[in-house]
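Being a predicted model, the structure only gives us computed values, none of them experimental. FYI, side chains are in, hydrogens and waters are out, and symmetry mates aren't considered; it's all heavy atoms of this structure. All residue numbers refer to positions in the sequence shown, counting from 1.
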Amino acid sequence: MNIIDHDETIADPDGSEFATFALAQAEALRSVRELVASRILQGRSLDHMRINVCDGEGLVLGTITAQEVVKFD
């Protein structure tokens, strides 16, 4: 999983292995929620922040954005 913030990429050098893509997506969702909560507390922007779920070769398999985890209703 790599964090993308505007034009900056924060790569996870070690990575994590998951038995299924669904488990990887669930972990990425949890991670984005933690990042969103931290940014809100710091008064930082949520625009352009996302996590890319990648395979072992670095191919992006899915993306979760901050906007997907924030609910306004």
Please list every donor-acceptor pair under 3.5 Å in which a side-chain atom of residues 11-18 meets a protein atom from a residue at least two apart or in another chain.
unit_1, atom_1, unit_2, atom_2, d
D12, OD1, D14, N, 3.2
D12, OD1, G15, N, 3.1

Using residues 38-45 as the side-chain source, report each donor-acceptor pair under 3.5 Å to any protein atom, sequence neighbours left out, with the distance given to one decimal.
unit_1, atom_1, unit_2, atom_2, d
S38, OG, Q42, NE2, 3.2
R39, NH1, D5, OD2, 3.4
R39, NH1, S45, O, 3.1
R39, NH2, D5, OD2, 2.5
Q42, OE1, R44, NH1, 3.4
S45, OG, D47, N, 3.0

To the nearest 0.5 Å, what is the distance between CD1 (I64) and CZ (R30)?
11.0 Å
Could you work out, with salt bridge (Lys or Arg N to Asp or Glu O under 4.0 Å) as the rule, every residue matching E68, not counting sequence neighbours?
none
Does the side chain of Q25 come within less than 4.5 Å of L23's, by heavy atoms?
no
Does any part of the side chain of I3, heavy atoms only, come nearer than 4.5 Å to the side chain of N52, both counted from C-beta?
no
ring-ring contact (aromatic ring centres under 6.0 Å, His included) pairs touching residues 20-41, sequence neighbours excluded, are none
Side chain to side chain, R33 and L29, heavy atoms closer than 4.5 Å:
yes
Taking the side chain as everything from C-beta on, heavy atoms only, tell me whether M49 gets closer than 4.5 Å to I4.
no
Output, in order, the C-alpha distance, side-chain angles, deciding distance and verdict of side chain to side chain donor-acceptor pair (under 3.5 Å) for T9 and N2.
CA-CA 7 Å; T9 299; N2 297 319; over 6 Å; no
Which pairs count as salt bridge (Lys or Arg N to Asp or Glu O under 4.0 Å) when at least one residue sits in residues 48-61, sequence neighbours excluded?
none
Taking every heavy atom of C54 against every heavy atom of V60, the minimum-distance pair comes out as SG-CG2, 4.0 Å
Could you check whether any side-chain heavy atom of V70 comes within less than 4.5 Å of a side-chain heavy atom of L46, counting everything from C-beta outward?
yes
Please list all pairs meeting ring-ring contact (aromatic ring centres under 6.0 Å, His included) that have one or both residues in residues 44-73, counting only residues at least two apart or in different chains.
H6-H48
If you measure from CE on M1 to OG1 on T63, what distance do you get to the nearest 0.5 Å?
12.0 Å
Side chains of T65 and V32: does their closest heavy-atom pair fall under 4.5 Å?
no
